[in-house]
Amino acid sequence: MIRLAANLSMLFTEHDFLDRFAAAADAGFRGVEYLFPYAHSPEAVSAALRDAGLKQVLFNLPPGDWEAGERGLASLPGREAEFRDSVIEAMRYAEALDCPRIHAMAGLLPADADAETRAAHQATYLNNLRFAAGEAAKAGREVLIEPINTRDMPRYFLSRQPHALAVLETVGAENLRLQFDLYHCQIMEGDLIRHLERQFARIGHVQIAGVPERHEPDVGEVHYPAVFERLEALGYRGWVGCEYRPAGGTREGLGWGRAYGLSDSPSEA
């Protein structure tokens, strides 16, 4: 059975962040993910999880200066000390939230990046991921990397599946795995089910959204029931993160998830 996790950075945003946990549970979700918990204490987030009876399945490492446009630190030469501090901070939250995996965002290339610059980013990325995987292994946790499409996030260092798999092979850490976002993959490469099949052994987490507008997954060019059927046939037992922007109210748009235990009406919960 497909297990759905609400992405609280995109869903239930009509509520304050700490109130989104209860809203997600009321809608039938049993797991949650989000970009970052760091604006709140680990104790406050843990209490929201506990009170709602939810499982924390994923969050991201601190990304640098998000408001200034930074999108991760892992590949940025000269920022290694900051990246290592971000890993330690994320591990502190992961322990408090009993979260099994964290996502290390790669960061952006400079606008004028040449081959030498790209090589420097690659070397930094590999070394930083080795450090992050080592720290996570001490706590029995996984680190994820995610190719993100360059339409939504121009100049993002990691944008294609073959690059991600090459990184995983080079680092060689068992607890460094792929965050497979079907929305991003469809935009950059398509052929979703074949990508799932080829990469299945390395996938640690799956995310979904409708393509191309990133609304509910029952709208757009991807037929998610077929993808879910293949995931189940492959033996996927992880979570599927619902990382989409509702076209209207979050709850009103959950009709697509009734077959997976969600409710689009509070009176049904």
Legend entry - Pairs flagged by ring-ring contact (aromatic ring centres under 6.0 Å, His included) wherever residues 181-204 is involved - sequence neighbours left out: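 Found none.
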
Once rounded to the nearest 0.5 Å, what's the spacing between atom [atom1] of [X] and atom [atom2] of [Y]?
X: Leu262; Y: Leu4; atom1: CG; atom2: CG; result: 5.0 Å
X: Ser86; Y: Met91; atom1: OG; atom2: CE; result: 9.5 Å
X: Arg71; Y: Leu108; atom1: CZ; atom2: CG; result: 7.0 Å
X: Asp152; Y: Asn149; atom1: CG; atom2: CG; result: 4.0 Å
X: Ser159; Y: Met153; atom1: OG; atom2: CE; result: 11.5 Å

Side chain to side chain, [X] and [Y], heavy atoms closer than 4.5 Å:
X: Val32; Y: Lys55; answer: no
X: Leu176; Y: Leu129; answer: yes
X: Glu252; Y: Ser265; answer: no
X: Thr170; Y: Arg130; answer: yes
X: Phe59; Y: Ile102; answer: yes
X: Cys242; Y: Asn7; answer: no
X: Leu58; Y: His103; answer: yes

Locate the shortest heavy-atom distance separating [X] from [Y]; write the atom from each residue and the value.
X: Leu178; Y: Ala164; value: CD1-CB, 3.9 Å
X: Glu232; Y: Ile2; value: OE2-N, 3.4 Å
X: Tyr244; Y: Ala209; value: CB-CB, 3.6 Å
X: Cys185; Y: Gln161; value: CB-NE2, 3.8 Å
X: Arg101; Y: Gly204; value: NE-O, 3.6 Å
X: Phe12; Y: Thr250; value: N-OG1, 2.8 Å

Could you list the residues that satisfy side-chain contact (heavy atoms from CB on, under 4.5 Å) with [X], not counting sequence neighbours?
X: Glu197; result: Ile193, Arg194, Arg230, Leu234
X: Ala106; result: Tyr125, Tyr156, Phe157, Leu158
X: Arg160; result: Pro162, Met188, Glu189
X: Asp19; result: His15, Asp16

Report yes or no: does [X] contribute a side-chain atom to a donor-acceptor pair with the main-chain N or O of [Y] at less than 3.5 Å?
X: Glu80; Y: Asn128; value: no
X: Arg258; Y: Ser263; value: no
X: Glu70; Y: Asp65; value: yes
X: Arg245; Y: Met10; value: no
X: Asp264; Y: Leu254; value: no

Legend entry - All salt bridge (Lys or Arg N to Asp or Glu O under 4.0 Å) counterparts of Arg202, not counting sequence neighbours: Glu169

Legend entry - Residues which pass salt bridge (Lys or Arg N to Asp or Glu O under 4.0 Å) with Asp51, listed by chain and number, not counting sequence neighbours: none

Is there a chain of hydrophobic side chains (I, L, V, M, F, W, Y, each step under 4.5 Å between heavy atoms) that links [X] to [Y]?
X: Met1; Y: Trp239; value: no
X: Leu192; Y: Val219; value: no
X: Leu18; Y: Val57; value: no
X: Leu97; Y: Leu54; value: yes

Return a table of donor-acceptor pairs under 3.5 angstrom between the side chains of residues 36-50 and protein atoms on other chains or two or more places apart.
unit_1, atom_1, unit_2, atom_2, d
Tyr38, OH, Asn60, O, 2.6
Ser41, OG, Ala44, N, 3.0

Inset, instruction - Please name all residues satisfying side-chain hydrogen bond (donor to acceptor under 3.5 Å, both in side chains) with His121, sequence neighbours left out, ordered by chain then number. - result: Ser75

Inset, instruction - Check the side chains of Tyr93 and Gln56 for a donor-acceptor pair under 3.5 angstrom, ignoring hydrogens and angles. - result: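 No donor-acceptor contact under 3.5 Å links the two side chains.
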
Inset, instruction - Indicate whether the side chain of Asn127 and that of Thr124 have a donor and an acceptor atom separated by less than 3.5 Å. - result: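 Checked: Asn127/Thr124 side chains show no N/O donor-acceptor pair below 3.5 Å.
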
Legend entry - Inter- and intrachain pairs under side-chain hydrogen bond (donor to acceptor under 3.5 Å, both in side chains), touching residues 214-225, at least two apart: Gln186-Glu221, Arg214-Glu243

Legend entry - Passing candidate, side-chain contact (heavy atoms from CB on, under 4.5 Å) with Leu182, options Val222, Leu196, Val211: Leu196

Inset, instruction - Could you pull out all residues at least two apart from Tyr260 that satisfy ring pair (Phe, Tyr, Trp, His ring centres under 6.0 Å)? - result: Phe228

Inset, instruction - Assert yes or no for the condition that the ring centre distance of Phe17 to Tyr34 is strictly below 6.0 Å. - result: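 Yes, they do, as the ring centres are separated by less than 6.0 Å.
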
What side-chain donor-acceptor pairs closer than 3.5 Å can you find for residues 140-147, not counting sequence neighbours?
unit_1, atom_1, unit_2, atom_2, d
Arg141, NH1, Cys99, O, 2.8
Arg141, NH2, Glu95, OE1, 2.8
Glu146, OE1, Gln179, NE2, 3.3

